[in-house]
Amino acid sequence: MRFVDYLAPTNLDSALSAFAGGKWTVLAGGTDFYPARVGHPLTEPVLDISGLDELRGISVTDDAYRIGALTRWADIKAADLPPAFDGLRLAAAEVGGIQVQNAGTIAGNLCNASPAADGIPPLLTLDASVELASQGGQRVVPLSAFLTGYRQIDLQSGELVTAVIVPRQVEEAFSDFQKLGSRSYLVISIVMVATVIAADPEGIISDARIAVGACSPVALRLTELESELRGKHRNDRALQHLPTRHHLDRLAPIDDVRATADYRFGATLTLIRRSLRRFAESA
Amino acid sequence: MKIALTVNGRKVGGELEPRTLLVHYIRENLNLTGTHIGCETSYCGACTVIMDGRPVKSCTVLAVGADGADIMTIEGLARDGQLHPVQEGFWERHGLQCGYCTPGMIMAAVGLLEQNNNPSEDEIRHGIEGNLCRCTGYHNIVKAIEYASAKMRGEQPAPAEWEVTA
């Protein structure tokens with residue numbers, strides 16, 4: 001009997017050198033790995049990176065938060081992070097159930113690149129970047145550029161994701177995340193909305209970031225809506241009439257078993273309005 | 001590939017095909033069949049075990065990935081013939097019907113109560129959201145966990161609903 005190749009390096013250098021020398025399927029939390037292979041024998045060589053403890057945990061520098069690639073959702077949910085991360089923490093609490101949050105990693109969610117990945121909209125609103133390493137060196141790519149299409153990512157041969165980098169910009173901003181599914185828990189999203197909105201002491205919106213997931217091959221920021229929000233007062237009555245359908249023109253939701261495209265458009269408007277109302281009431 | 005781990009306090013291990021799932025290792029190599037296989041897609045939670053203090057779904061963990069880990073399965077809960085308070089709760093509050101989801105439910109509940117020794121009903125429901133009961137017996141499962149939570153805090157559990165007369 002021929003055993004399948006399986007390698008579990010214990011430090012990043014040996015992982016990168018193994019990865020450079022062969023075609024491996026990377027295994028981290030495993031929460032998407034096995035469910036995608038039920039009923040099929042596992043034939044591909046596996047590089048199990050779950051033992052790379054140096055890639056686990058959250059640290060902070062003068063200008064950024066660094067979330068290690070293997071940081072689990074349960075750790076993010078429990079982390080002591082400023083208000084702008086509230087949306088990310090709410091998303092962490094809705095990724096699968098407790099067991100999945102205990103195993104699934106932030107980088108796994110990004111690399112799996114599902115249009116319905118819970119972690120992506122909040123990270124887009126945090127202007128997150130992805131740190132990649134290979135034997136040849138390191139590069140940092142904005143998350144919006146890292147995600148290139150439906151389940152497609154900008155990962156070159158021999159590269160591993162090592163961290164998610166969030167710049168320290170609007171740490172005290174209001175932040176929210178809403179996920180609509182057919183029930184509360186353990187469900188693939190119909191629509192997700194993440195928001196980060198910063199206001200100055202007078203209540204004028206200085207920065208607004210709104211991302212929508214599960215309505216396009218890759219989750220998107222609604223930049224036109226964001227620029228319309230900037231400069232408005234948090235209590236401006238005009239906020240009650242935002243967004244409108246044309247703000248969603250870049251979205252391309254599909255009809256599927258979970259919902260119709262029309263329903264997704266309607267639900268997106270409702271979820272964003274709800275977030276704006278929460279923001280207005282947050283002061 | 002060779003692994004060594006601790007299951008229910010016992011050192012186990014040996015040579016293993018790297019593709020072996022932890023749940024298959026536990027059931028077939030260790031003959032601990034209390035851990036059930038339900039969906040094999042990480043939905044149902046029947047295969048939940050506690051790995052290094054955290055509930056995980058053992059159908060989505062490779063046994064080789066558990067090398068060096070400390071695993072607790074349903075068989076490891078009772079001590080000296082005494083049921084664990086969560087097991088006792090399922091008994092006392094009729095927390096099981098067909099029993100298929102029960103080991104996973106109990107392990108998820110044990111994990112929950114280790115993190116939070118006095119969860120609200122909402123927190124309990126949130127804590128077992130990764131576990132499905134096809135009999136839909138969630139009501140009594142929640143009551144069973146409330147019973148266990150009281151017991152583990154050294155308090156008298158609230159009487160069962162059927163013991164309360166109007």
Side-chain angles (χ1 to χ4, degrees), chain A residues 1-10 24-53 56 70 72-75 77-78 90 93-105 108 181 183-188, chain B residues 1-3 15-24 37-69 104-105 107-112 114-116 119 122-132 138:
Chain A
M1 183 169 63
R2 189 185 159 275
F3 280 4
V4 166
D5 287 331
Y6 172 88
L7 201 61
T10 52
W24 297 90
T25 297
V26 177
L27 172 68
T31 55
D32 282 310
F33 181 86
Y34 256 95
R37 288 164 178 80
V38 171
H40 308 281
L42 173 60
T43 52
E44 67 246 78
V46 173
L47 183 69
D48 182 348
I49 61 165
S50 62
L52 303 181
D53 289 338
R56 221 179 272 289
L70 295 179
R72 303 180 186 102
W73 293 109
D75 301 324
K77 190 170 75 168
L90 287 168
E94 296 204 32
V95 178
I98 302 296
Q99 296 96 327
V100 169
Q101 293 159 20
N102 279 338
T105 66
R183 55 182 190 273
S184 302
Y185 300 134
L186 214 64
V187 72
I188 296 171
Chain B
M1 191 173 164
K2 213 171 161 60
I3 62 165
E15 196 67 37
L16 212 60
E17 218 278 274
R19 285 178 291 191
T20 312
L21 289 173
L22 180 59
V23 68
H24 290 138
I37 301 174
C39 67
E40 292 185 275
T41 57
S42 91
Y43 259 101
C44 81
C47 65
T48 300
V49 300
I50 297 186
M51 178 164 155
D52 293 330
R54 295 162 169 250
V56 296
K57 294 180 175 177
S58 60
C59 77
T60 46
V61 177
L62 290 174
V64 288
D67 187 25
M105 282 286 183
M107 297 317 283
V110 169
L112 167 71
E114 257 164 41
Q115 297 239 310
N116 178 355
D122 261 7
E123 288 168 336
I124 291 174
R125 289 184 183 273
H126 189 66
I128 58 169
E129 74 193 31
N131 295 72
L132 302 182
Y138 296 102

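Within every chain, numbering begins at 1; the chains are lettered A, B, ... in the order of the sequence lines, protein sequences first and strands thereafter. The structure displayed is predicted, hence computed values, not measured ones.
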Picking from G65(B), P55(B), C39(B), which has the most non-hydrogen pairs under 4.5 angstrom with chain A?
-> P55(B)
For residues 37-53 of chain B, pull every pair meeting salt bridge (Lys or Arg N to Asp or Glu O under 4.0 Å), keeping only residues two or more places apart or in separate chains.
-> none
Contact class of L112(B) relative to chain A, heavy atoms under 4.5 angstrom | neither
Matching residue for R54(B) among R72(A), Q99(A), Q101(A) - test: side chain to side chain contact (heavy atoms under 4.5 Å, CB included) = R72(A)
Pick one of side chain, backbone, both or neither for V61(B), based on which atoms fall under 4.5 Å of a heavy atom in chain A.
-> neither
Side-chain donor/acceptor pairs under 3.5 Å, residues 25-35 of chain A, sequence neighbours excluded:
residue: T25(A); atom: OG1; partner: E44(A); partner atom: OE2; Å: 3.3
residue: D32(A); atom: OD2; partner: N112(A); partner atom: ND2; Å: 3.1
residue: Y34(A); atom: OH; partner: R19(B); partner atom: O; Å: 3.2

What are the two closest heavy atoms between V100(A) and K57(B), and how far apart are they?
-> CG2-NZ, 4.3 Å
Out of A103(A), G97(A), A8(A), which one racks up the most heavy-atom pairs below 4.5 Å with chain B?
-> G97(A)
Taking atom CD of E123(B) as the centre, does the number of heavy atoms from other residues, nucleotides or ligands within less than 6.0 Å exceed 12?
-> yes
Under 4.5 Å to a heavy atom of chain B? For D48(A) that would be side chain
Measure the CG-CG distance between L62(B) and L42(A) for me, rounded to the nearest 0.5 Å.
-> 7.5 Å
